[in-house]
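Below is one structure, written out as structure tokens; the observations come after it.
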Amino acid sequence: MQTFLIPGGAGVKIFQRGFSLRNTLTSIRSGFLNLGKSFSQYKALYWAGKAKPSLTPIINPKTGQVWKQYTELHHRFIPQRWKWAPNWLKNNRFNLKPVSSLQHAQMDPFRARFVPKWVKEMYNLTWK
Amino acid sequence: MFNLFRKKKMIQENDYIFLKALTKALSYKYPYLLPQVSKEFILDKTPNQLGDIGTYTFTLNAKLESKYSNKSLPQFFIIKDISIWNNLKGKFEQIELHILDGMIAGFKVTSEYSDLDLKKIDTSNVKEKHFNNEDKETLKKITGNIPSDFLSQLDIEDTFKIEVPEGEFYVIKNLEDGNYLSMDKKGAVYGMMHDPYLVKKIFDDKNAFFEALKYGEFNIYEYFNKKMSL
């Protein structure tokens with residue numbers, strides 16, 4: 001049990017540590033950010049619905065190079081990396097757009113980093 | 001009304017009829033292709049910009065990939081010199097099929113279907129064109145023999161090299177949505193997430209990784225879910 005003194009008061013036990021103002025604010029913030037579905041939860045529900053995930057390979061029949069691209073969910077307005085944004089704002093049907101791997105890489109320079117070099121060159125992808 | 005805004009599919013009934021005829025003619029050698037020609041599996045086709053005129057790539061239903069893919073086959077090869085009679089030209093012409101992990105993934109035809117006689121298909125001179133897959137060979141050298149229990153959990157056959165400022169990595173598992181598990185040339189295992197961007201070593205060497213998988217100390221899906229729940 002921790003004792004906090006109120007100025008002018010007489011050492012009254014008011015709050016336990018768990019109820020300190022800082023902890024309260026932290027838990028409010030954490031609760032606000034976690035409101036709504038996480039990306040994994042939203043994704044599971046999305047693909048459990050009617051949508052068919054597709055596989056559209058990029059094939060170079062002259063060289064035999066292949067990149068299997070699938071339908072991916074892209075955070076188009078509010079990226080996952082914006083930690084101030086709550087889950088409900090990031091993971092919803094307006095913000096998560098189903099796109100092919102190549103389209104994803106064309107829209108998100110961080111996604112473009114993880115594309116095979118020959119695809120980066122073939123489609124002039126810019127990456128951060 | 002909303003159909004007005006729906007993207008029209010390029011694949012038509014004629015495509016399925018054509019593919020059925022081809023795969024039926026090839027069924028003595030490639031019996032796994034015929035059941036794949038269905039509207040449930042082949043969803044659409046698009047011109048392949050990397051191929052010659054008349055080359056198309058299919059959009060496949062990824063939910064059926066596990067049903068039709070066969071990792072014991074080469075990752076990609078082309079079935080060439082399938083001859084089909086062209087009524088207009090009065091001679092046979094050559095068709096090719098593109099096979100990815102045992103799945104029909106594309107084709108090349110330079111004539112209109114209406115000019116082709118689907119009853120006159122000659123498969124006696126069919127050949128396969130194979131390609132080297134350097135990335136796969138390199139990864140297999142790095143990993144060595146992987147216990148069969150773990151092979152099904154990984155995507156070794158579909159690997160490709162990722163080159164980023166942090167180094168060169170070979171994909172060992174596609175975590176979907178642009179995220180991967182990968183291995184560097186020394187056998188260290190990395191998690192690679194694009195949003196928020198992260199390239200982080202998870203295991204110092206392949207043995208530690210396989211041991212952790214073996215004893216259930218590391219679960220690929222739990223790892224991904226944890227990263228995506230942050």
Side-chain angles (χ1 to χ4, degrees), chain A residues 33-34 37-44 47 51-75 78-83 87 90-91 96 98-101 104-105 107-120 122-123 127-128, chain B residues 40 43-44 46 48-52 55 57-65 75-78 96 98 100-101 103 105-106 108 129-133 135 155 158 160-166 169 171 174 176-180 182 192-197 199 221 224-230:
Chain A
L33 291 176
N34 288 324
K37 294 179 180 62
S38 70
F39 178 66
S40 300
Q41 290 167 334
Y42 180 89
K43 186 180 154 184
W47 290 122
K52 281 180 188 166
S54 64
L55 159 62
T56 312
I58 295 178
I59 295 172
N60 187 337
K62 290 167 185 165
T63 61
Q65 288 167 304
V66 176
W67 185 44
K68 289 169 82 172
Q69 51 159 4
Y70 295 87
T71 310
E72 299 177 357
L73 292 176
H74 164 54
H75 290 85
I78 304 183
Q80 186 97 322
R81 54 188 161 267
W82 287 5
K83 294 199 170 174
N87 278 340
K90 292 189 281 195
N91 304 319
L96 281 169
V99 291
S100 71
S101 306
H104 198 169
M107 290 185 274
D108 184 341
F110 287 104
R111 171 68 185 95
R113 278 191 171 202
F114 297 163
V115 165
K117 191 178 177 184
W118 67 273
V119 177
K120 285 176 184 166
M122 195 71 75
Y123 292 93
W127 63 95
K128 279 188 183 174
Chain B
E40 189 60 25
L43 303 176
D44 205 357
T46 44
N48 184 341
Q49 297 167 347
L50 308 181
D52 297 326
T55 308
T57 302
F58 294 131
T59 296
L60 304 172
N61 183 349
K63 278 188 178 170
L64 296 177
E65 184 183 358
Q75 192 206 18
F76 177 69
F77 66 96
I78 296 175
E96 62 183 41
H98 300 166
L100 172 67
D101 292 334
M103 299 179 292
K108 181 180 159 189
K129 184 176 180 184
H130 290 264
F131 302 88
N132 287 333
N133 187 335
D135 294 344
D155 297 321
D158 295 329
F160 60 89
K161 185 163 73 171
I162 294 176
E163 292 170 65
V164 285
E166 291 85 353
F169 303 90
V171 169
N174 183 349
E176 301 176 354
D177 301 296
N179 307 303
Y180 301 95
S182 66
M192 302 180 85
M193 310 289 159
H194 79 276
D195 183 17
Y197 185 78
V199 177
Y221 291 100
F224 172 72
N225 285 337
K226 195 175 164 190
K227 288 290 169 193
M228 288 296 111
S229 300
L230 294 176

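Residue numbering restarts at 1 for every chain, and letters A, B, ... go by the order of the sequence lines. Below, all heavy atoms of this structure are taken into account, side chains as well, without hydrogens, waters or symmetry copies.
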Heavy-atom contact with chain A under 4.5 Å, split by part of Asp158(B): side chain

Let me know if Met103(B) has heavy atoms under 4.5 Å from chain A in its side chain, its backbone, both or neither. side chain

Output all residues satisfying ring pair (Phe, Tyr, Trp, His ring centres under 6.0 Å) with Trp118(A), sequence neighbours left out; order by chain, then residue number. none

For chain A, find which of Asn133(B), Ile78(B), Val199(B), Leu100(B) contributes the most heavy-atom pairs closer than 4.5 angstrom. Leu100(B)

Bottom line for His75(A): the part with an atom under 4.5 Å from chain B's heavy atoms is side chain

Residue, of Lys129(B), Glu65(B), Gln49(B), that accumulates the most heavy atom pairs under 4.5 Å with chain A: Glu65(B)

Any chance you could measure Phe131(B), atom CZ, to Gln65(A), atom CD, to the nearest 0.5 Å? 10.0 Å

From His194(B) NE2 over to Arg81(A) CZ, what is the distance, rounded to the nearest 0.5 angstrom? 7.0 Å

Do side-chain atoms of Asp177(B) reach the backbone of Glu72(A) as a donor and acceptor pair under 3.5 angstrom? no

Hey, is OH on Tyr221(B) packed in by over 12 heavy atoms from elsewhere, all under 6.0 Å? no

Using heavy-atom distances under 4.5 Å, tell me whether Val171(B) contacts chain A through its side chain, its backbone, both, or neither. neither

Given ring-ring contact (aromatic ring centres under 6.0 Å, His included), test Phe114(A) with Tyr197(B) step by step and report yes or no. CA-CA 10 Å; Phe114(A) 297 163; Tyr197(B) 185 78; 5.6 Å; yes

Where the side chain of Asn48(B) meets the backbone of Ile59(A), is there a donor-acceptor pair that is under 3.5 Å apart? yes

Nearest 0.5 Å please: distance from the CG atom of Leu60(B) over to the OG1 atom of Thr56(A). 7.0 Å

Chain A: which of Thr57(B), Asn174(B), Thr55(B) shares the most heavy-atom pairs with it under 4.5 Å? Thr57(B)

Who are the ring pair (Phe, Tyr, Trp, His ring centres under 6.0 Å) partners of Phe77(B), not counting sequence neighbours? His130(B)

What closest approach, in Å, do Pro61(A) and His98(B) show between heavy atoms, and which atom pair accounts for it? CB-CE1, 3.8 Å

Can you tell me if Asp195(B) uses its side chain to pair, donor with acceptor, with the backbone of Pro79(A) under 3.5 Å? no

In terms of heavy-atom pairs under 4.5 Å with chain A, which of Ser182(B), Gly51(B), Gly106(B) leads? Gly51(B)

For Lys120(A) and Glu163(B), indicate whether the former's side chain and the latter's backbone hold a donor-acceptor pair under 3.5 Å. yes

Any chance you could measure Glu176(B), atom CD, to Trp47(A), atom CH2, to the nearest 0.5 Å? 9.0 Å

Should Pro53(A) and Lys63(B) count as side-chain neighbours, where that means a heavy-atom distance under 4.5 Å? yes

Portion of Ser101(A) that has a non-hydrogen atom of chain B nearer than 4.5 angstrom: neither

Leu50(B) CG to Lys62(A) NZ distance, which is reported to the nearest 0.5 Å: 8.0 Å

Which atom of Pro57(A) lies closest to which atom of Phe58(B), heavy atoms considered: CD-O, 3.6 Å

Starting from the C-alpha separation in whole Å, work towards a yes-or-no answer on side chain to side chain contact (heavy atoms under 4.5 Å, CB included) for Lys68(A) and Asp101(B). CA-CA 10 Å; Lys68(A) 289 169 82 172; Asp101(B) 292 334; 2.7 Å; yes

For Asp108(A), which atoms come within 4.5 Å of any heavy atom of chain B: side chain, backbone, both, or neither? side chain

Contacting moiety of Tyr42(A), where chain B heavy atoms sit under 4.5 Å: neither

Pick whichever of Thr71(A), Asn91(A), Thr63(A), Val99(A) has the most heavy-atom pairs under 4.5 Å with chain B. Thr63(A)

